[in-house]
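Numbering of ligands and ligand atoms starts at 1, following listing order. It should be emphasised that the depicted structure is a prediction, and the values quoted were computed from it without experimental measurement. The basis for the numbers below is simple: all heavy atoms, side chains too, and nothing from hydrogens, waters or symmetry mates.
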Amino acid sequence: MATVGKVIKCKAAIIWEAGKAPSIEEVEVAPPRSHEVRVKIVATGICRTDDHVVKGFFPDINYPVIAGHEGAGIVESVGPGVTYVKPGDKIIPLSFPQCGECTCCLSPKTNFCLKTHMKHPQNLMPDKTSRFTCRGKQIYHFLWTSTFSEYTVIPDISIAKIDKNAPLDKVCLFGCGFPTGYGAAINTAKVEPGSSCAIFGLGGVGLSIIMGCKTAGASRIIGVDINKDKFTKARELGATECISPEDFKKPINEVLAEMTGLGVDYAFEAIGHTDTEAAAFLSCHLGHGVCVLVGDPPAGAKLSIIPFQLMSGRKLIGCFLGGWKLRDAIPKLVSDYMEKKINIDVLITHVLPFEKIDEGFQLLCSGKSIRSVLLY
Ligand code: CND
Ligand code: ZN
Ligand code: ZN
């Protein structure tokens with residue numbers, strides 16, 4: 001290809017500083033270095049975590065930055081040492097790597113690869129440099145994905161090669177929302193047939209948790225959200241009941257306890273507030289209920305729990321990206337989608353040209369969208 005080894009100029013959405021809306025700019029994207037891949041992103045979803053970057057919730061993130069972590073694209077070129085993919089392959093950038101060699105990758109118990117960007121409090125490539133510049137300034141990466149750029153550079157341990165026939169405008173949701181929620185139910189909670197579940201927050205992540213609970217055979221799936229507009233889709237996907245905390249005087253955990261006897265078998269928090277995390281934990285059945293934290297509270301937030309509530313047998317756990325070892329799991333989930341075993345299309349409520357990214361964020365923040373997919 002004519003672009004191999006050269007700097008590519010393309011459009012990207014840059015968040016110049018925390019609190020500022022992303023602005024569409026022309027960026028220069030340097031060629032991939034050793035064990036890196038340059039990808040042409042075709043489609044990207046907007047996840048709430050990207051909005052947290054816009055709002056400046058993560059003090060470790062440096063600005064200016066290119067956010068975005070729910071994309072799908074095609075390999076443009078590969079750096080030295082890359083054998084896993086070649087130009088033309090369809091891929092999904094992974095916001096969590098799977099190096100396959102570290103002690104966590106070798107353990108079946110976790111997907112927390114130790115080569116993660118989270119081990120280094122910086123948002124640059126693994127060699128601590130950036131591939132993006134704009135108006136003469138270095139631009140920072142985000143989660144090694146930065147899918148809000150038409151071309152992006154990603155470490156080869158952070159990509160999944162997928163079916164060459166996969167529709168990228170749909171399967172971009174396998175970059176975060178769907179596996180994050182679905183895996184929280186299937187892998188992390190390991191929901192059992194006949195069990196009762198409560199899902200706090202019915203956005204793209206929460207609805208995917210509902211799909212996971214339904215697949216696992218849960219008999220009661222209770223959706224909890226203050227935005228009742230979310231109830232229709234939640235019911236369509238498997239919620240048996242939906243409630244709003246604002247309709248009750250007493251705490252929502254007491255309401256759930258009354259509805260279920262002594263609390264739910266599994267509670268999930270997919271909002272990202274410590275007060276709803278505490279409520280989800282207290283909604284669990286005394287003695288054995290399991291609460292899974294999925295939402296992303298602002299950095300530095302602390303959750304307060306009375307030790308007795310854990311000692312009595314309730315469990316509190318959490319997961320990134322649904323606990324999947326992503327490089328192994330994402331290609332299989334995409335195949336399941338191609339074979340119509342799972343349906344993610346229902347989560348896509350809006351499709352917009354990339355230039356309308358700001359509208360996409362507004363739709364998310366006003367509660368009008370589940371997922372907006374941006375097309376380059
Ligand atoms: P989105 O904003 O679409 O959904 C959140 C839902 O929560 C909305 O429907 C709100 O109406 C609802 N809500 C807000 N406040 C309350 C409240 N007090 N009580 C009840 N409901 C409320 O977000 P999303 O689905 O894209 O993401 C959900 C969370 O998951 C968010 O915190 C995001 O940052 C996080 C996340 C985690 C991970 C992971 O790997 N663990 C990956 N991506 C996103
Ligand atoms: Zn690893
Ligand atoms: Zn996300």
If the Zn ion (ligand 2) is the vertex, what is the angle to SG of Cys105 and SG of Cys102, rounded to 10 degrees? 100°

Could you tell me whether the side chains of Tyr337 and Asp163 share a donor-acceptor contact shorter than 3.5 Å? no

Return the protein residues near ligand 1 (heavy atom under 4.0 Å from any of its atoms), ordered by chain and residue number. Cys47, Arg48, Thr49, His52, Cys176, Thr180, Gly201, Leu202, Gly203, Gly204, Val205, Asp225, Ile226, Asn227, Lys230, Ala270, Ile271, Gly272, His273, Thr276, Val294, Gly295, Asp296, Cys319, Phe320, Leu321, Leu364, Arg371

Under a 3.5 Å threshold, yes or no: a donor from one side chain and an acceptor from the other, between Gln138 and Ser130? no

Less than 6.0 Å separating the ring centroids of Phe112 and Phe96? yes

Polar side chain donor-acceptor pair, His35 to Asp156, under 3.5 angstrom: yes

For the residue pair His288 and His285, does the interplanar ring angle fall in the parallel (under 30°), tilted (30 to 60°) or perpendicular (over 60°) class? parallel

Give a yes or no on whether a salt bridge exists between Lys228 and Asp247, defined as a side-chain N under 4.0 angstrom from a carboxylate O. yes

Please note down the angle at the Zn ion (ligand 2) between SG of Cys99 and SG of Cys113, to the nearest 10°. 110°

Compute the angle centred on the Zn ion (ligand 3) spanning SG of Cys47 and SG of Cys176, and express it rounded to 10 degrees. 130°

Less than 4.0 angstrom from a charged side-chain N to a carboxylate O is my criterion; do Glu25 and Lys11 meet it? no

